S.K.: 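This is the structure I want to talk about, given as structure tokens.
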Number of protein chains: 2
Amino acid sequence: MTDTAPRPTLEAVAARAGVSRATVSRVVNGGDGVRDNLVERVRKAVDELGYVPNQAARSLVTRRHDAVAVVVAEPETRVFADPFFALQLRGISKELTAHDNQLVLLLTEGRDDHARVGRYLAGGHVDGALVFSLHLDDPLPELIQRAGVPTVFGGRPGWSGDRRGVVYVDSDNRGGARDAVRHLAGLGRTRIAHITGALDQTSAVDRLDGYRDVMVDADPRLIAEADFTPAGGERAMRELLDRCPDVDAVFAANDLTASGALRVLRETGRRVPDDVAVIGFDDMQPVAEQTDPPLTTVRQDIEEMGRLMARLLLRGLDRGAPREGVAGRPSSVVLPTTLVRRASA
Amino acid sequence: MTDTAPRPTLEAVAARAGVSRATVSRVVNGGDGVRDNLVERVRKAVDELGYVPNQAARSLVTRRHDAVAVVVAEPETRVFADPFFALQLRGISKELTAHDNQLVLLLTEGRDDHARVGRYLAGGHVDGALVFSLHLDDPLPELIQRAGVPTVFGGRPGWSGDRRGVVYVDSDNRGGARDAVRHLAGLGRTRIAHITGALDQTSAVDRLDGYRDVMVDADPRLIAEADFTPAGGERAMRELLDRCPDVDAVFAANDLTASGALRVLRETGRRVPDDVAVIGFDDMQPVAEQTDPPLTTVRQDIEEMGRLMARLLLRGLDRGAPREGVAGRPSSVVLPTTLVRRASA
DNA sequence: GGCGTGCGCGAGAGCGCTCTCACCAGTGTG
DNA sequence: CACACTGGTGAGAGCGCTCTCGCGCACGCC
């Protein structure tokens with residue numbers, strides 16, 4: 001398709017400006033140590049010819065790509081079910097763009113794909129990687145570690161391997177959960193239940209831990225396991241009502257789960273929040289605002305998480321920031337959450 | 001970080017296998033015309049050394065990148081508000097992966113970014129582009145056309161420029177809308193209203209056209225304009241009830257809008273579907289299944305759209321398919337939709 | 001046995017860039 | 001006035017790969 005006209009090379013620009021390739025290269029890469037009038041001449045030639053550097057040739061010698069891989073491990077279908085992923089991606093994209101880096105997206109699907117991703121990363125196509133891998137038993141983190149690619153994880157990797165040098169960005173799931181449960185307690189609720197997320201993910205475990213931090217002696221029957229889905233929420237809520245009909249508050253592991261719980265409560269004739277107060281997690285707009293009643297929930301700044309991941313990675317690559325000495329090695333960050341009060345609690 | 005061990009080159013593999021670079025290259029690229037025992041020897045050397053071809057060096061000479069850009073034009077916040085985007089991306093990713101192509105994601109934010117994207121595409125970093133640009137007045141398509149990069153659009157580009165050679169993949173928005181409205185009519189409804197989407201997007205226009213196809217002499221007061229959001233749906237529904245209190249069915253431009261409409265109907269004491277039947281569009285899982293009552297809606301196969309876009313592009317690049325003569329130039333595709341019956345109509 | 005034929009392989013050029021190094025002013029110093 | 005010294009510039013090597021070309025060899029034909 002569209003036979004591209006042969007693109008001008010450094011050589012051509014040099015000829016037109018009447019200087020050497022080296023000088024053009026210097027100008028293109030910042031222009032330090034070149035006399036102003038020459039810089040001018042070269043710039044002009046570049047514009048006239050519409051010269052754009054050939055990235056492949058450049059990478060070949062510099063061994064830099066100005067590209068970062070974003071790896072999303074399937075079957076994180078959850079990642080697709082909510083805008084989480086898109087928002088995070090947007091944050092990442094903004095930050096990378098600001099530092100002239102490209103975003104190479106790697107979506108994995110099943111086990112074979114892990115090998116593919118490992119190969120790709122080891123292949124040195126990118127300078128670093130941002131990895132989303134929420135499951136505890138995911139082999140990806142190890143694989144990546146072995147590939148020797150600078151990496152920042154999205155969410156605390158629940159991972160038994162070597163922890164040294166692992167950098168991640170996460171929300172304060174535990175703290176957010178505590179806030180939610182405390183809020184319910186502050187409302188005078190005493191039979192506060194928790195519907196967990198999928199416990200093979202660190203975020204679910206952390207939220208459960210936060211619940212336990214406050215409900216130190218919680219009746220174990222007040223904890224029902226679910227999987228971050230509305231259907232799971234319904235099932236868990238029924239269980240809960242079965243075991244403890246007098247439950248007066250529910251902290252659900254996320255908004256989707258809460259929406260399922262809400263529906264069961266309505267079906268069984270409970271008024272929310274009068275009879276049972278409900279709090280979710282995520283502040284996932286289309287869900288939290290559309291439930292009946294609108295959901296009180298714990299918000300996390302998802303886009304900021306993405307941006308921060310990218311920033312940490314670039315810093316680790318000695319880019320995107322004036323190198324702050326040798327000590328600039330990034331470390332993990334946990335972002336705060338905020339309770340958003342709506343009508344359900 | 002992690003000083004990468006110097007990666008083995010073709011040269012090294014050649015030395016170890018006792019053959020020339022050329023032969024190694026042949027083996028790595030398919031191994032045609034090399035005797036079996038040599039192929040064997042080379043493969044062994046490759047494995048032992050953990051050789052991975054340097055893509056930059058390869059691109060430098062082949063002028064191929066095996067990479068495709070996916071451009072998502074902001075402020076398509078809508079794209080982020082629903083799983084649409086993620087699903088499409090997944091479809092694209094699957095197809096690209098199957099043909100060993102990388103996915104470079106370009107998210108744009110505001111006008112400056114258009115220039116950036118244009119520069120990037122013109123810079124010949126990728127072999128082709130998949131572009132999502134839903135707004136009628138978006139300058140991006142023209143820009144890309146000028147960059148001379150093979151492109152497939154997601155959704156019919158509403159675009160006044162030169163149409164020749166424009167390839168897109170879209171859902172049958174118009175046909176889906178017709179099905180929905182016919183279904184309502186089949187239910188015996190006669191006062192069928194339509195809440196439109198944002199009419200600066202072709203999908204919204206097409207759905208409106210579909211509605212009009214069936215409701216040829218529709219009372220104009222039965223059409224209310226909204227913007228694909230729940231809030232817009234609420235507003236439009238109130239308008240509608242105000243103008244025509246006897247409305248007995250609503251076809252909303254998408255599920256989000258329908259959810260807003262549903263809420264207003266409930267508030268005003270209408271029973272759904274008994275008093276007013278409601279149909280949405282998209283079959284966006286977390287919304288359509290969670291509304292009360294669950295939403296009847298028009299489903300589009302979003303992932304397939306993505307996959308198809310990628311397939312068309314690769315075919316246009318003479319890849320991913322045995323070249324079917326010169327006639328293999330791809331043309332646009334419109335995918336069918338299906339009506340999903342739930343409780344609301 | 002001489003000759004054409006075709007296949008398998010190696011030699012070598014060159015893709016477009018960066019970067020080191022040597023060179024050539026021009027300036028300041030003894 | 002000879003000397004080092006500096007800062008701007010060009011020459012040239014080389015990054016790791018692909019691909020064309022030509023050579024050598026085995027085969028089949030006359």
Side-chain angles (χ1 to χ4, degrees), chain A residues 3-43 45-46 49-67 100 122-127 319, chain B residues 3-43 45-46 49-67 100 122-127 319:
Chain A
D3 249 342
T4 31
R7 293 207 288 132
T9 69
L10 254 201
E11 191 78 48
V13 178
R16 185 175 192 103
V19 297
S20 72
R21 279 201 329 271
T23 297
V24 178
S25 177
R26 280 187 270 261
V27 171
V28 169
N29 292 293
D32 303 327
V34 178
R35 227 156 357 217
D36 290 356
N37 63 329
L38 277 197
V39 171
E40 191 74 10
R41 280 227 310 270
V42 171
R43 289 253 161 80
V46 166
L49 294 174
Y51 170 75
V52 186
N54 179 320
Q55 187 59 42
R58 182 179 274 177
S59 296
L60 183 55
V61 28
T62 59
R63 278 115 203 294
R64 279 183 45 164
H65 300 86
D66 293 314
D100 270 316
H125 302 277
V126 291
D127 301 327
R319 303 223 257 290
Chain B
D3 249 341
T4 31
R7 293 208 287 133
T9 70
L10 252 202
E11 191 77 50
V13 178
R16 185 176 192 102
V19 298
S20 72
R21 277 198 333 267
T23 297
V24 179
S25 177
R26 278 187 271 260
V27 171
V28 169
N29 293 295
D32 303 327
V34 179
R35 222 149 9 210
D36 289 356
N37 61 330
L38 276 198
V39 171
E40 191 75 11
R41 278 222 317 265
V42 171
R43 290 254 161 81
V46 165
L49 295 174
Y51 170 75
V52 186
N54 180 321
Q55 186 60 42
R58 183 180 274 175
S59 296
L60 183 56
V61 28
T62 58
R63 278 116 200 295
R64 280 182 44 167
H65 300 85
D66 294 314
D100 269 316
H125 302 277
V126 292
D127 302 325
R319 304 227 256 290

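In this text, all values refer to a predicted model and were calculated from it rather than measured experimentally. Here is the naming used below: chain letters follow the sequence lines, and residue numbers restart at 1 for every chain.
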S.K.: Roughly how many Å is it from CG in B/Leu60 to P in C/dA13, rounded to a whole number?
M.R.: 17 Å
S.K.: What is the minimum heavy-atom distance between B/Val27 and B/Val39, and which atoms define it?
M.R.: CG2-CA, 4.1 Å
S.K.: Could you tell me the separation between the CG atom of A/Asp36 and the P atom of D/dG8, rounded to a whole number of Å?
M.R.: 10 Å
S.K.: Answer yes or no: is there a side-chain heavy-atom contact under 4.5 Å between A/Asp66 and A/Asp100?
M.R.: no
S.K.: Taking atom P of D/dG10 as reference, at what distance in whole Å does atom CD of A/Glu11 sit?
M.R.: 12 Å
S.K.: Tabulate atom names and distances for all N/O pairs under 3.5 angstrom spanning the protein and nucleotides 8-12 of chain C.
M.R.:
| from | atom 1 | to | atom 2 | distance (Å) |
| --- | --- | --- | --- | --- |
| C/dG8 | O3' | B/Arg35 | NH2 | 3.4 |
| C/dC9 | OP2 | B/Arg35 | N | 2.7 |
| C/dG10 | OP2 | B/Ser20 | N | 3.1 |
| C/dG10 | OP2 | B/Ser20 | OG | 2.9 |
| C/dG10 | OP2 | B/Thr23 | OG1 | 2.4 |
| C/dG10 | N7 | B/Arg26 | NH2 | 2.8 |
| C/dG10 | O6 | B/Arg26 | NH1 | 3.4 |

S.K.: Give the rounded distance in Å between these two atoms: CG of B/Leu10 and C1' of D/dC19.
M.R.: 12 Å
S.K.: Taking the side chain as C-beta and beyond, is there a heavy-atom pair between B/Val126 and B/His65 under 4.5 Å?
M.R.: no
S.K.: Is the closest side-chain heavy-atom distance between B/Arg43 and B/Glu40 below 4.5 Å?
M.R.: no
S.K.: Using whole Å, what does the distance between atom C1' of nucleotide C/dG16 and atom NE2 of B/His65 come to?
M.R.: 12 Å
S.K.: Check the interface with nucleotides 22-28 of chain D: list each N/O to N/O pair with the protein under 3.5 Å, or write none.
M.R.:
none

S.K.: Atom CZ of A/Arg63 and atom P of C/dC19: how far apart are they, to the nearest Å?
M.R.: 12 Å
S.K.: Specify the separation, in whole Å, of atom CG of A/Asn54 and atom P of D/dC15.
M.R.: 18 Å
S.K.: Starting at atom CG of B/Asn29, determine the distance to atom P of D/dT20, rounded to an integer number of angstrom.
M.R.: 13 Å
S.K.: Would you mind reporting whether B/Val28 and B/Arg58 have side-chain heavy atoms less than 4.5 Å apart?
M.R.: yes
S.K.: Are the side chains of B/Val24 and B/Val19 in touch, meaning some heavy atoms are under 4.5 Å apart?
M.R.: yes
S.K.: OP1 or OP2 of C/dT18 sitting under 4.0 Å from any side-chain N/O of A/Thr62?
M.R.: no
